[in-house]
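Dumping the structure here so I can ask a few things about it.
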2 protein chains.
Amino acid sequence: MPGNYLKETDQALTIFKDYCKKKQMRYTLERETMIKALYRLEGHFAVDDLLRNIRRHNPKARIAKTSVYRALPFLMDAGLLRESIAGVGSIVYEHTLGHRDHDHLRCLRCGKIVEFYSPDLIGIQTRICRKEQFLAVRRINTVNGYCRLCKDTAG
Amino acid sequence: MPGNYLKETDQALTIFKDYCKKKQMRYTLERETMIKALYRLEGHFAVDDLLRNIRRHNPKARIAKTSVYRALPFLMDAGLLRESIAGVGSIVYEHTLGHRDHDHLRCLRCGKIVEFYSPDLIGIQTRICRKEQFLAVRRINTVNGYCRLCKDTAG
DNA sequence: TTCTTATTGCATCTTAGTTGCAATAAGAAT
DNA sequence: ATTCTTATTGCAACTAAGATGCAATAAGAA
């Protein structure tokens, strides 16, 4: 469990409550459970990881995967979550609360993910979008390859 | 059909013949058909587009989708093709022959894809990989958002 | 022409994600 | 507190992408 789990969770719950009010949506027990689970997970995770975590911690709460899939777009829209890595089968999410905008190197052999932060890179993307009169919603920048430890043994 | 279809196709077939020889693989009629279809398609395409193109042009050749899925990794490894856009459901491919290394803006409303070429951006990625001792195989850089024509009507 | 074995097509499976719908429960109105 | 509206839920069934096991086929070397 991450260090400031409680603080981040509380912050997230408040944000989502406000979001629901603004959008005339309902703040349900299921969504609260889901957000709590979200912050129990560190780093990058797929929907399946999230579901398993919910079910492990709330064996009696019968939250359907459908509900999770339906809630995800709202959580992203509320600014709690975003899609993360490119080039894997299923979509991988990560928290945005307390995480600055960053990108990823992904090892094709061991699956390790290295985050990197490059304002220069973000600046270039911003400039290109401006030139094309393109309204950016979500940048994705991933380099797939082999990490330091795997590259020697990579075919 | 792209301008220099014949030239590119021939070049691709030659490359793939050599690749098969080197890897003790068989250069089959099915793979040849597939490569020809590949170069009939412009720009970005999914496996399904490829299959439809093959079946339209070769109604009697019964190429199974399984075979296409199995051949794709080889075509990529041979340098004819690469995975292209991030953040869509199915994987999108594009030719590499005669296409310099570029990236994409993708409109979430109309689906339009704008290519852009930025050596600065590639340079930054290269520098980061060097620093992390990471062997890059495939860069992905996509900005999802709304294009000039769609951004005013985007909720 | 023969023989080895990579590749194919088919059928079947898996996994991610979606949809329709009746039942439930927020939360606003009374 | 109770009622009422309607957003949300759980379930089941569906779709679509892609993978897999296997017997039949066909490259291409001998």
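Lettering follows sequence order; numbering is per chain, from 1.
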Check your understanding: Closest to the B/Arg26 side chain: C/dG9, C/dA6, D/dT8?
Key ->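 From the listed options, C/dA6 comes nearest.
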Review point. Hey, mind stepping through B/Arg56 and B/Asn53 against side-chain contact (heavy atoms from CB on, under 4.5 Å) and telling me if it holds?
Key: CA-CA 5 Å; B/Arg56 188 148 44 80; B/Asn53 191 289; 3.9 Å; yes
Check your understanding: From the list C/dT7, D/dG18, D/dC11, which nucleotide is the closest neighbour of the side chain of A/Arg62?
Key ->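 Ranking C/dT7, D/dG18, D/dC11 by closest atom to the A/Arg62 side chain puts D/dC11 first.
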**Study point:** Nucleotide forming a Watson-Crick or wobble pair with C/dT2, both distances under 3.5 Å
**Key:**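 D/dA29 - that is the nucleotide pairing with C/dT2, both distances being under 3.5 Å.
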Point to revise | Side chains of A/Gln125 and B/Asn141, donor plus acceptor under 3.5 Å | key: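 The criterion, which ignores hydrogens and geometry beyond distance, is satisfied for B/Asn141 and A/Gln125.
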Review point. Does A/Thr66 make a side-chain N or O approach to OP1 or OP2 of D/dT9 shorter than 4.0 Å?
Key: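 For D/dT9, OP1/OP2 do not have a side-chain N/O of A/Thr66 under 4.0 Å.
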**Study point:** Any A/Thr28 side-chain nitrogen or oxygen under 4.0 Å from OP1 or OP2 of C/dA25
**Key:**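 No, no such contact exists.
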Review point. Is the phosphate of D/dA19, meaning OP1 or OP2, less than 4.0 Å from a side-chain N or O of B/Tyr69?
Key: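 So the side-chain polar atoms of B/Tyr69 never come under 4.0 Å of the phosphate oxygens OP1 or OP2 of D/dA19.
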Point to revise | Residue whose nearest DNA chain C nucleotide is more 5′ - A/Met25 or B/Ser67 | key: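 Final value for this comparison: B/Ser67.
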Practice item. Would you verify whether the NZ or CZ of A/Arg31 falls within 45 degrees of the ring axis of A/Phe16 while also being under 6.0 Å from that six-membered ring's centre? Key: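 No, A/Arg31 does not sit over the ring of A/Phe16.
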Point to revise | Residue whose nearest DNA chain C nucleotide is more 5′ - A/Tyr27 or B/Gln24 | key: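 Result of the comparison: B/Gln24.
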**Study point:** Base-pairing assignment for D/dA12 (Watson-Crick or G-U wobble, both under 3.5 Å)
**Key:**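 Looking at the geometry, D/dA12 pairs with C/dT19.
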Review point. Picking from C/dG9, C/dT4, C/dG20, which would you name as closest to the side chain of A/Arg70?
Key: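 Comparing C/dG9, C/dT4, C/dG20 against the side chain of A/Arg70, the answer is C/dG20.
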**Study point:** Base-pairing assignment for C/dA11 (Watson-Crick or G-U wobble, both under 3.5 Å)
**Key:**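 Paired with D/dT20.
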Check your understanding: Are B/Asp103 and B/Arg139 close enough that some pair of their side-chain heavy atoms sits under 4.5 Å apart?
Key ->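 Yes, close enough: below the 4.5 Å cut-off.
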